[in-house]
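Below, chain A is the first sequence line, B the second, and so on; all start at residue 1.
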2 protein chains.
Amino acid sequence: MAVRITLKDVARASGVSPTTVSFVLNNTPRQTIPEGTRRRVHQAATELGYLPHSIARALREGTSRVVLLTTGRWRGGQSLDSFIAGVSGELRARGHNLVVHYGEQSDESLAELLEAVSPRAVIDLAGADLGQEGSDWTDGLAPATAAQLRHLVDRGHTAIALALPSGDFGALVEIRLAQSQRAAHALGIPPVTPVMVGQSRAEAREAMRWLRHEHPQITAVAGFDDDTALLAMGALSDAGVAIPATMAVIGFDDARPGAIWTPSLTSVHIDAEAYGRRAACAALGVEPEDWTSDPSYIVLREST
Amino acid sequence: MAVRITLKDVARASGVSPTTVSFVLNNTPRQTIPEGTRRRVHQAATELGYLPHSIARALREGTSRVVLLTTGRWRGGQSLDSFIAGVSGELRARGHNLVVHYGEQSDESLAELLEAVSPRAVIDLAGADLGQEGSDWTDGLAPATAAQLRHLVDRGHTAIALALPSGDFGALVEIRLAQSQRAAHALGIPPVTPVMVGQSRAEAREAMRWLRHEHPQITAVAGFDDDTALLAMGALSDAGVAIPATMAVIGFDDARPGAIWTPSLTSVHIDAEAYGRRAACAALGVEPEDWTSDPSYIVLREST
DNA sequence: GATAGTCACTAAATCGAATTAGTAACAGGA
DNA sequence: TCCTGTTACTAATTCGATTTAGTGACTATC
């Protein structure tokens, strides 16, 4: 850090001009440079420990080699973590870096950050493109949604409620509901019954009371996420409903609290890494190569 | 975004040279520029919507106006959120931006990010400076730690255990323990008994069995964080211990799951915003101005 | 033997702001 | 009148990498 090694230094050390060094290190097409020179340049670069100064490069190129990912209010879950890991890994393999901005998209700090970083691309998990249902992020959730319902159907349930949170999850709530209905149709069961469980234990109790009164045939609750499922499960416990005997509960996106609850919460583990990699490629405008994704799987615990 | 307004454009519009525009907009000291010219420049700048290009500026100045915050493995809690909000707010008030890097400090991606962003400063919550116990971050936790124990003492408890997590929380575990012992001393109670609850329900059960066998006089458990407290509380419930009648449990740093647990978890709400602001000032090498912090307070629920 | 084409390489411009080193114009003092 | 100082500016350099537009030297073609 003390002294910065520049292109010039490498040029001097290898006895060519900075231009040539740049050509060699960037493998610039339509430049014919003999193998001998290439080797000398590479050797000098590694010996001096040359690292291109990304700010200078960004000035020249118009954008930095950084991609910005905004998540909106959404924070939790393995799926987001693995998605981010996928994006980050793929970007780094392609010489880029990821900056994640947790927080609302309307936030002023986002605009300032955008200005400060001049990212090559922005992946917005909260914004409008998410509503399109064509995004890599929501695509990744579809098979997991199907797995969630399939698990309940396998255990003999056909009348199923979908517990949804209130609050600022944006379009995600509608998307998950739509995906669930599609999955229900494919599984040959009636449409799921959406129920808003609210934010507090009291609201959840009210919601569960309503559900059991209006839809007594329902024997299982699928959660929008683990938080929502736990809220519903707690409310059912409060009402003396036996879990899973009378009502089964399954979460989504296996978060930590579900494992230590009583009863512990069955959930769907989602590995969105591949979807993250795909999103990264899309952001850079490249064709993704490896294109297999680890399937999501059921984490079987006591609640189903 | 389509066309970038540069210093040159502003200079042309206001009839002076780019140099003068720069002097005016940056309020460069020891430059005498009459009020009339200043006004013309400012007006042209706002009319054209001039925004200095941060990448160009960063190249000239050697660093960008970004500060990087690394959190280590640590994720949870209001305290971190409020600390970050404080850092971000203060930085933005001083023309800087915050980039948060969640993840281990040994991570290669951190090094690359550092290179890619060239931040003015790095605030490392996970690293060595945290161990010094002089950092703004850990300073912010000390009064909250005291509040946690005081609540238990107020309720008549004197023999108290401190439930600690295993895993990669780094120096934070030792710091919290040391702070707790200091607080216990100040409150006139015997030192707290540390107990590792592990990661799983089974480990926690074992730990609680050991605790009750070896230290039967203990009537309250304080948690390193809410997660740890919940783990301990679940294990105690499993063993048929009445909460809070036989054993009281209190969390730390009020996270969401504690509110919806049965019984719901009393916790300490920590507002670390002021500490974040102070850390931001320290990172920029400025004297902090406003220097009052909101005290932490107890969120009273069923577990105590 | 003139012309075109490739090879191996370099000089110079560029990105946009900050800053150093000036330069005219005028005022005040000796 | 000459000298020094201040005011109000500006030209030119710098940060470091990329890229365009060349330039000699040599080879192949007609």
K.L.:
My understanding is that only residues two or more places apart in sequence, or in another chain, count here; which of them pass side-chain hydrogen bond (donor to acceptor under 3.5 Å, both in side chains) with A:Thr63?
P.N.:
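Only A:Arg120 meet the side-chain hydrogen bond (donor to acceptor under 3.5 Å, both in side chains) criterion with A:Thr63.
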K.L.:
Taking ring pair (Phe, Tyr, Trp, His ring centres under 6.0 Å) as the test, write out the residues that go with A:Tyr275, two or more places apart.
P.N.:
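By the ring pair (Phe, Tyr, Trp, His ring centres under 6.0 Å) rule, A:Tyr275 matches no residue at all.
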K.L.:
How many whole angstroms separate atom CG of A:Asp9 from atom C1' of D:dA17?
P.N.:
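Value for this atom pair: 13 Å.
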K.L.:
For a quick test of reading the model, state the closest non-hydrogen atom pair linking A:Ser296 to A:Val268 and the distance between them.
P.N.:
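Looking at all heavy atoms of both residues, the shortest contact is CB-CG1, 4.1 Å.
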K.L.:
Partners of B:Phe83 by ring pair (Phe, Tyr, Trp, His ring centres under 6.0 Å), sequence neighbours excluded?
P.N.:
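By the ring pair (Phe, Tyr, Trp, His ring centres under 6.0 Å) rule, B:Phe83 matches B:Trp137.
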K.L.:
In whole angstroms, how far is the P atom of D:dA17 from the CD1 atom of B:Ile55?
P.N.:
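Rounded to whole Å, this separation is 15 Å.
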K.L.:
Could you give the side-chain donor-acceptor pairs of residues 5-15 of chain B under 3.5 Å, partners two or more places apart or in another chain?
P.N.:
| from | atom 1 | to | atom 2 | distance (Å) |
| --- | --- | --- | --- | --- |
| B:Thr6 | OG1 | B:Lys8 | N | 3.2 |
| B:Asp9 | OD2 | B:Thr6 | N | 2.8 |
| B:Ser14 | OG | B:Val10 | O | 2.7 |

K.L.:
Taking it one step at a time, do A:Glu115 and B:Arg4 satisfy salt bridge (charged side-chain N to carboxylate O under 4.0 Å, His left out)?
P.N.:
CA-CA 12 Å; A:Glu115 227 300 302; B:Arg4 158 146 259 138; 2.8 Å; yes
K.L.:
May I have the distance from B:Arg38 (atom CZ) to D:dA8 (atom C1'), rounded to whole angstrom?
P.N.:
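Spelled out: CZ on B:Arg38 to C1' on D:dA8 is 11 Å.
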K.L.:
Indicate whether OP1 or OP2 belonging to D:dC9 is found under 4.0 Å from a side-chain N or O atom of B:Thr37.
P.N.:
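For B:Thr37, the contact criterion (side-chain N or O under 4.0 Å from OP1 or OP2 of D:dC9) is met.
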K.L.:
Does A:His269 have any ring pair (Phe, Tyr, Trp, His ring centres under 6.0 Å) partners at least two apart in sequence or in another chain, and if so, which?
P.N.:
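Partners of A:His269 under the ring pair (Phe, Tyr, Trp, His ring centres under 6.0 Å) test: A:Tyr297.
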K.L.:
Measure from NE2 on A:His53 to C1' on D:dT14 and round the result to the nearest Å.
P.N.:
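These atoms are roughly 12 Å apart.
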K.L.:
If we count only N and O atoms by modelled type, under 3.5 Å, do the side chains of B:Thr20 and B:Ser17 hold a donor and an acceptor together?
P.N.:
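Their side chains do contain a donor-acceptor pair, which is all the 3.5 Å distance test asks for.
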K.L.:
Using the side-chain hydrogen bond (donor to acceptor under 3.5 Å, both in side chains) criterion, which residues pair with A:Thr71? Sequence neighbours excluded.
P.N.:
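For A:Thr71 there are no side-chain hydrogen bond (donor to acceptor under 3.5 Å, both in side chains) partners, ignoring immediate neighbours.
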K.L.:
Where do B:Pro288 and B:Cys281 come nearest, in terms of heavy atoms and distance?
P.N.:
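In this case the closest contact between B:Pro288 and B:Cys281 is CA-SG, 3.7 Å.
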K.L.:
What pair of heavy atoms forms the shortest contact from A:Val173 to A:Phe224, and how long is it?
P.N.:
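Scanning both residues, the minimum pair turns out to be CA-CE1, 3.9 Å.
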K.L.:
Here's a test of your reading of the structure: between A:Ile33 and B:Asn26, which maps to the more 5' nucleotide of DNA chain C?
P.N.:
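Closer to the 5' end of DNA chain C: A:Ile33.
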K.L.:
Of all nucleotides in DNA chain C that come within under 4.0 Å of a heavy atom of chain B, which is furthest toward the 5' end and which toward the 3' end?
P.N.:
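Both ends considered, the range comes out as C:dG16 to C:dT20.
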K.L.:
State, to 0.1 Å, how close B:Ser109 and A:Asn97 come at their nearest heavy-atom pair, and which atoms those are.
P.N.:
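Between these two residues, the closest heavy atoms are O-ND2, 3.8 Å.
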K.L.:
Between residues 11-22 of chain B and DNA chain D, which residues have a heavy-atom gap below 4.0 Å?
P.N.:
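Of all residues in residues 11-22 of chain B, the ones placing a heavy atom under 4.0 Å from DNA chain D are B:Val16, B:Ser17, B:Thr19, B:Thr20.
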K.L.:
Nearest-Å distance, CG (A:Asn27) to P (D:dT19)?
P.N.:
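Checked: the CG to P distance equals 13 Å.
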K.L.:
Toward the 5' end of DNA chain C, which comes first, A:Pro34 or B:Ala56, by nearest nucleotide?
P.N.:
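By nearest-heavy-atom nucleotide position, the 5'-most residue is A:Pro34.
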K.L.:
Answer with base, sugar-phosphate or nothing: what part of the nucleic acid does A:Thr6 contact at a heavy-atom distance below 4.0 Å?
P.N.:
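The answer is sugar-phosphate, as A:Thr6 gets under 4.0 Å only of primed atoms, P, OP1 or OP2.
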K.L.:
Rounded to the nearest angstrom, tell me the gap between atom CD1 in A:Ile5 and atom P in D:dA17.
P.N.:
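Taking atom P of D:dA17 as the reference, CD1 of A:Ile5 is at 10 Å.
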K.L.:
So if I take the C1' atoms of five pairs at each end of the helix from C:dG1-D:dC30 to C:dA30-D:dT1 and get each local axis, what angle do the two axes make, rounded to 10 degrees?
P.N.:
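Comparing the axis at each end, I get an angle of 70°.
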K.L.:
Considering only heavy atoms, which members of residues 58-65 of chain A lie under 4.0 Å from some atom of DNA chain C?
P.N.:
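Close to the strand are A:Leu59, A:Arg60.
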K.L.:
So, using side chain to side chain contact (heavy atoms under 4.5 Å, CB included) as the criterion, who are the partners of A:Ser64 when residues are at least two apart?
P.N.:
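In terms of side chain to side chain contact (heavy atoms under 4.5 Å, CB included), with neighbours along the sequence ignored, A:Ser64 is linked to A:Ala58, A:Val66, A:Val117.
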K.L.:
Who pairs with A:Ala142 by side chain to side chain contact (heavy atoms under 4.5 Å, CB included), at least two apart in sequence or on another chain?
P.N.:
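Residues passing side chain to side chain contact (heavy atoms under 4.5 Å, CB included) with A:Ala142: A:Gln179.
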